Amino acid sequence: MKMKLLLLLCSLSLASCATQRNSSAVRVVERVIEVDRPVEVRVEVPVAQPLSGSLLVSKRAYRLTVLDSLGREQLQLPIACGINYGQKEKEGDMKTPEGTFTIQEIQDASQWKHDFKDGLGMIEGAYGPYFIRLKTPPHKGIGIHGTHLPSSIGSRATEGCIRLTNEDLKRLVRWIYVGMPVVVEAD
């Protein structure tokens, strides 16, 4: 005698979860199959991982590190930071703020332009593919972004932001989420 078995299959869109950390990426699919005898079906359901971890930025070592919730290093990337040393005091001082902040927003910056006041005028793609806006009160406009000038990585070259190569920025975006803590160490 044939039996009908209802299988509930769960699938997970990894690309969607990795970039957006979205629990709606889990999809349930029903399938009815006919079997001659009862069968034991083992289905492993993916468990949604809580949003956790942090970013640690060392201006002295020109390094950004992704840490998991236990403080273990997951990814390390070279950076550039503010031209001037020390704690940011005011707009235009070319210093990267120090302290504990959070990721406020992850923006598409692929069409953004900027004039770095270096005589080259407006630069298209100056920020790379993303601008990871940080909540750094009382300062605004501070973030982690890519660059049109990858040779600047490993130096003091920014107006106060944290700069990565565009390829490293694409890698980083897979690890982060809005609200993630970001610690920028003092010089």
Side-chain angles (χ1 to χ4, degrees), residues 18-22 51-69 71 73-187:
T19 58
Q20 298 177 15
R21 304 272 184 156
N22 186 346
L51 301 178
S52 62
S54 61
L55 298 180
L56 176 63
V57 176
S58 171
K59 296 194 298 181
R60 185 176 307 147
Y62 303 109
R63 180 180 59 233
L64 180 148
T65 306
V66 177
L67 302 171
D68 68 12
S69 62
E73 183 181 307
Q74 300 298 306
L75 179 67
Q76 195 173 89
L77 302 167
I79 65 163
C81 60
I83 291 170
N84 294 320
Y85 288 84
Q87 174 65 293
K88 185 161 196 67
E89 297 168 9
K90 61 183 180 180
E91 184 178 342
D93 66 7
M94 307 292 205
K95 295 178 183 178
T96 300
E98 301 163 349
T100 302
F101 311 110
T102 57
I103 294 177
Q104 183 176 13
E105 190 174 8
I106 302 166
Q107 299 173 281
D108 177 354
S110 58
Q111 303 299 312
W112 292 11
K113 301 173 186 173
H114 186 71
D115 183 349
F116 292 96
K117 312 275 188 281
D118 56 5
L120 299 176
M122 290 298 264
I123 304 291
E124 290 190 36
Y127 294 100
Y130 301 102
F131 187 87
I132 302 163
R133 188 170 301 281
L134 301 179
K135 190 171 189 177
T136 58
H139 312 291
K140 296 183 183 220
I142 301 294
I144 302 168
H145 59 77
T147 183
H148 70 289
L149 195 59
S151 62
S152 68
I153 303 303
S155 71
R156 297 223 164 231
T158 78
E159 296 174 353
C161 288
I162 298 155
R163 184 186 290 178
L164 301 164
T165 66
N166 293 340
E167 288 308 308
D168 283 347
L169 182 62
K170 289 176 189 174
R171 291 175 60 203
L172 176 63
V173 166
R174 295 184 207 134
W175 290 89
I176 64 171
Y177 58 92
V178 171
M180 183 179 213
V182 178
V183 176
V184 180
E185 295 177 332
D187 293 315

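None of these values were measured; they are calculated from a predicted model. Side-chain atoms are counted along with the backbone in the values below, which use heavy atoms only and exclude waters and symmetry mates.
Side-chain contact between Pro181 and Phe101 is absent, with no heavy-atom pair separated by less than 4.5 Å. The shortest distance between side-chain heavy atoms of Glu98 and Lys88 does not fall below 4.5 Å. Residues Ile132 and Leu172 form a side-chain contact, since some pair of their non-hydrogen atoms from C-beta on lies under 4.5 Å apart. Ile162 has its side chain within reach of Val184: a pair of non-hydrogen atoms, C-beta onward, lies under 4.5 Å apart. Under the 4.5 Å side-chain criterion, counting only non-hydrogen atoms from C-beta, Ile153 is not in contact with Asp168. Annotation: side chain of Tyr85 is not in contact with side chain of Lys95 (no heavy-atom distance under 4.5 Å). Inter-residue side-chain proximity for Trp175 and Met180 is flagged as unmet; no heavy-atom pair is nearer than 4.5 Å. Within the 4.5 Å cutoff, the side chain of Lys59 has heavy atoms near those of the Arg156 side chain.
Taking CD1 of Ile142 as the start and CD of Glu159 as the end, the distance is 9.0 Å to the nearest 0.5 Å. How far CZ of Arg63 is from SG of Cys81: 12.0 Å, rounded to the nearest 0.5 Å. Distance OG/Ser152 to OH/Tyr62: 11.5 Å, rounded to 0.5 Å.
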Could you give me the CA-CA distance, side-chain angles and deciding distance for Leu67 and Gln74, then say whether side-chain contact (heavy atoms from CB on, under 4.5 Å) is met? CA-CA 6 Å; Leu67 302 171; Gln74 300 298 306; over 6 Å; no
Walk me through whether Glu124 and His148 qualify under side-chain hydrogen bond (donor to acceptor under 3.5 Å, both in side chains). CA-CA 8 Å; Glu124 290 190 36; His148 70 289; over 6 Å; no
Walk me through it: do Ile144 and Leu55 pass the test side-chain contact (heavy atoms from CB on, under 4.5 Å)? CA-CA 11 Å; Ile144 302 168; Leu55 298 180; 4.0 Å; yes
Apply the test side-chain contact (heavy atoms from CB on, under 4.5 Å) to residues Val182 and Ile103: give CA-CA distance (whole Å), side-chain angles for both, the deciding distance (0.1 Å), then the verdict. CA-CA 7 Å; Val182 178; Ile103 294 177; 3.8 Å; yes
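The heavy-atom pair separating Leu134 from Gln104 by the smallest distance is O-OE1, 3.8 Å. Counting all heavy atoms, side chain and backbone alike, Leu169 lies closest to Tyr127 at CD2-O, 4.2 Å. In terms of heavy atoms, Arg133 sits closest to Gly141 at NH1-CA, 3.7 Å. Here the shortest heavy-atom pairing between Thr165 and Thr147 reads CA-CG2, 4.3 Å. Pairing each heavy atom of Ile83 with each of Ala157, the nearest pair is CG1-C, 3.7 Å. Scanning both residues, Asp93 and Asn84, for their nearest heavy atoms gives O-ND2, 2.8 Å.
Looking only at distances, no side-chain donor or acceptor of Ser110 sits under 3.5 Å from a matching main-chain atom of Pro129. Of the possible donor and acceptor atoms, none in the side chain of Asp68 sits under 3.5 Å from a partner among the backbone N and O of Glu73. For the pair Asp108 (side chain) and Tyr130 (backbone), a donor-acceptor distance under 3.5 Å is absent. Side-chain atoms of Arg163 never come within 3.5 Å of backbone atoms of His145 as a donor-acceptor pair (strictly under, hydrogens ignored). Side chain of Thr65 to backbone of Gln76: no donor-acceptor contact under 3.5 angstrom is found. In this structure, the side chain of Thr102 does not engage the main chain of Gly179 through any donor-acceptor pair within 3.5 Å. A donor-acceptor pair is defined here as one N or O able to donate and one able to accept, closer than 3.5 Å; such a pair exists between the side chain of Asp187 and the backbone of Gly86.
Between Phe131 and Trp112, the two ring planes are tilted [angle within 30° to 60°].
Enclosure of atom CD in Glu185 by more than 12 non-hydrogen atoms of other residues, nucleotides or ligands within 6.0 angstrom is indicated.
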